[in-house]
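Report on one structure; see the data block that follows.
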Amino acid sequence: MAMARTSSGLQYPERFYAAASYVGFDGSTSPTKTVTSKFPKATALLLYSLFQQATIGPCNTPEPSSWKIYEHTKWGSWNQLGNMSHTEAMRLFVKILEEEDPGWYSRVSSSVLEPVVEPVVDVPISTYKVEPIIENGNSYPETKTISSENGNLIETQDKDVVVEGFASVVVYDQWVAPSVSGQHPKSRYEHGAAVVQDQMYIYGGNHNGRYLNDLHVLDLRSWGWSKIEAKFGAETPDSPPVTLVPCAGHSLIPWENQLLSIAGHTKDSSESIHVKAFDLQTSTWSTLKTYGKPPVSRGGQSVTLVGTSLVIFGGQDAKRSLLNDLHILDLETKTWDEIDAVGVPPSPRSDHAAAVHAERYLLIFGGGSHATCYNDLHVLDLQTMEWSRPTQQGSIPTPRAGHAGVTVGENWFIVGGGDNKSGVSETAILNMSTLVWSVVTSVQGRVPVASEGLSLVVSSYNGEDILVSFGGYNGRYNNEVNILKPSHKSTLQSKTIDNPLPESVSAVPNATNNTRDVESELEALQEGKIREIVMDNGDLEPIKSKGEKPGEFLVATLKAEKEELESSLSKEKVHNLQLKQELADAEARNTDLYKELQSVRGQLAAEQSRCFKLEVEVAELGQKLQTIGTLQKELELLQRQKAASEQAVLNAKQRQSSGGVWGWLAGNPSSQRDDDA
C-alpha cells in the first residue's frame, strides 16, 4: 500500500508563477500599475526586471528614447541583468517577494497553490525498526543511511559500519539520519543553531516566506526534541524592552550561559543591528545593551566568536544592498567598533561561511551576490587587520551560497549551499594550515544536507566528534536532523613543510623516511601568513631497520643528507623571499588599482547623477517647449482674429465714404439736407 506526503510549498517553476500571479504579473492590461501599488518603486522595478528575465530571457529589445523616462528606466533595469539564467531570476523573484511580504504564500488562492505530492512506499514500522544496543546501561537509538539517488534509504556495506558509539549503526564519513523523538520544529531555513552541553538549540528562520521566532532544543544524547516556552525580561536601565521579532538570516552564538542572536532579516527592519540574549538558566530573553555605533541592520552576515569578541562581516541590508564591511563587538565592554582593514577585502556578499584559525586568522569562503555565487577564499589577519587572498589547492569546492561550516581542530567542514541551479552534494573539508581542500563524502538526490540555509554544529559523543545538520531549503523546506562522524583519515592531516606565503604551499623533500623521523614545530606567521612549519634538523634520530650499516658510516650518511637538506632549505627560503617581494609589489599595485577603481567609480557615479539631472532638465524643457508651442498657436489665432476685425472696420468705413459721394452726385435729398445743415 502507498501513502502520500505533501511537501511544504510549491517547487519551481510553479512557485515562481504563483508568486508572479500574487504580485500582479497575471496577464492583466497594466501589471506594472498593480506592482507599484503594492511595493516601493525600487522593489517594483526589480520585480519587473526579474519577471522579464525569467519569462522572456535577456533584454534584446531596442533601447527606448530618453524622452520616455519611465520606459527607459524599465529597459535599463532589465538590461542590467545581462545573461542571468531563467532559474536564477525565478529564485531571486521569489526571495525578494518573501522578504517584502513574508505572508504572501498563505494569502495566495488555494487554486494556485496545489500541493506537491510525492509517493512514499508504506512499509511497516517493524521493517525499519532495529532494536537499540544496550551498552553500559545506556540505550542508543537506531540510525539510517542517506545515500540513494532519490533520497530513500539503502543498506550500508559491512566495511563501512562499526557497532559502537552513539548509535546501533554508525557509518564513518557518511551522512545518516538518526531516529529522533519528540515534536519536531517546523520546517525552515536561514535559522540559527548552537550547541551548549550536548544540547542543540534552534531559533527562528524562514518557513514558506514567514519569519519565525520559536526556540527548540534537541538533546544530542537522547535524540529528543522539545520546545522552549521562553519568557521576556522586564525593562531595566541596562536592558531595553524586549520585542522578540520573527527573523531569519541571523546568527546564534553561545556565550557564557547565554545564547546571543545577532542581526537577521525582519518584516519591519530597524536601522541598526540588535543583539538579543537568551539566558539558558532562566529561559528568559533580553536585549543586550551595547555602546558605540552599531552596524546597519542586515541578514546573511557571518558572525565569528574570537576570544571575547564577535567579528561581523558582510551580509545584505534591508534595501538589499550587499555589504563587505567589518565590525567587532567586544562582549566584555559591550562596545561596537568598525574596522577599516588594509588590503583588498572580499567583494560584497551574503550567505557566506566564516571560521577562525589559531585565534588569529579569519577565513571567509564563498557566498553570493544578486547574480552569482563565489568559491573564493579570503583571510584576515586579526592582529595586523590586513586582508589577503591565498591560493587554494586540492579539490576546490564549486561556487555556492547558503552553505554552513564548522571547525574541528585545523579542519573546516563545509556542507550544503546552492549554486543557483541545485543544492551542493559534496561535503568538503579545508585544512586551514595547508589550505588544501578535499571531499569527505557526497550525497545523491534531493536530500536535506544538499540544501541552502541549513545549519551545522559540531558536538561529541564518547570522545568522538560528530557533525549535526538541521533544516534547509532545496525546493522544499526541511526539518530533518542528519549526522556525520568523521573518520581518522578525515581529521588527521599529514604534516607539511615551511612556506611563509598564503598564496602557495610547497614542501621540502622528505629525508630518508625509512631511517629517521623528522619532528616539526609550529610557529606563528607574520604579515598574513596562515602557518609556518619549520624543520628542526637538530633532532634527527636514526631508526633501526633491516640491513643496518655500521654506526660511523650511518652518521656520515646522515650528515651528508643533513647538509643537503640545509642547502635545499636555504634555496627555498631565498625563493620564498623573492616570492614575498613579488607579492608585496603585486599587492601594492592592486592597492593602487583599487584606489583608482574607487575613484573612477566615484566619478562615474557623479556623472550618472549629473546625467540623470540633465535628463530631468531636458524633460522639463521639453514640457516647456510644448507649452510655448501651444501659446504661439493661440497668439497666431488672436492675431488673425485681430487682423480680421481691423479689416472689417476698414471695409465699413470705405462703404460709408463711397455711399456719401454717389448720393450727392445723384442729388440725394437727404444728402443735400445734410450738406445744407
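As the structure is a computational prediction, the values presented were derived from the model and not from experiment.
With hydrogens and angles disregarded, a donor-acceptor distance shorter than 3.5 Å links the side chain of T591 to the backbone of E587. Side-chain atoms of H327 never come within 3.5 Å of backbone atoms of I312 as a donor-acceptor pair (strictly under, hydrogens ignored).
By the side chain to side chain donor-acceptor pair (under 3.5 Å) test, E617 pairs with no residue at all, sequence neighbours left out. R601 pairs by the salt bridge (charged side-chain N to carboxylate O under 4.0 Å, His left out) definition with nothing, not counting sequence neighbours. In this structure H378 satisfies the side chain to side chain donor-acceptor pair (under 3.5 Å) test together with D376, sequence neighbours excluded.
Here the closest heavy-atom approach between residue W412 and residue A355 is recorded as CE2-CB, 3.4 Å.
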Side chain to side chain donor-acceptor pair (under 3.5 Å) assessment of N478 paired with S451: CA-CA 9 Å; N478 300 303; S451 298; 3.2 Å; yes

Residues S251, Q301; criterion side chain to side chain donor-acceptor pair (under 3.5 Å); working and verdict: CA-CA 8 Å; S251 302; Q301 71 291 324; 3.1 Å; yes

Side chain to side chain contact (heavy atoms under 4.5 Å, CB included) evaluation trace for F51 with V23: CA-CA 10 Å; F51 179 81; V23 168; over 6 Å; no

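To the nearest 0.5 Å, atom CG of residue L305 and atom CD1 of residue I262 are 9.0 Å apart. To the nearest 0.5 angstrom, N479 atom CG is 6.0 Å from H184 atom NE2.
The number of heavy-atom neighbours closer than 6.0 Å to CD of E596, taken from other residues, nucleotides and ligands shown, is 12 or below.
Between E98 and K95 there is no salt bridge, since no side-chain nitrogen of the basic residue lies less than 4.0 Å from a carboxylate oxygen of the acidic one.
In summary, of the residues considered (F313, W437, F413), a ring pair (Phe, Tyr, Trp, His ring centres under 6.0 Å) with F365 occurs for W437 alone. Each of T427, T441, N482 was scored for a side-chain hydrogen bond (donor to acceptor under 3.5 Å, both in side chains) with W175, with one residue passing: T427.
Side chains of N206 and Y473: a donor-acceptor N/O pair is absent below 3.5 angstrom, by distance only. Side-chain atoms of S261 and H250 include no donor-acceptor pair closer than 3.5 Å.
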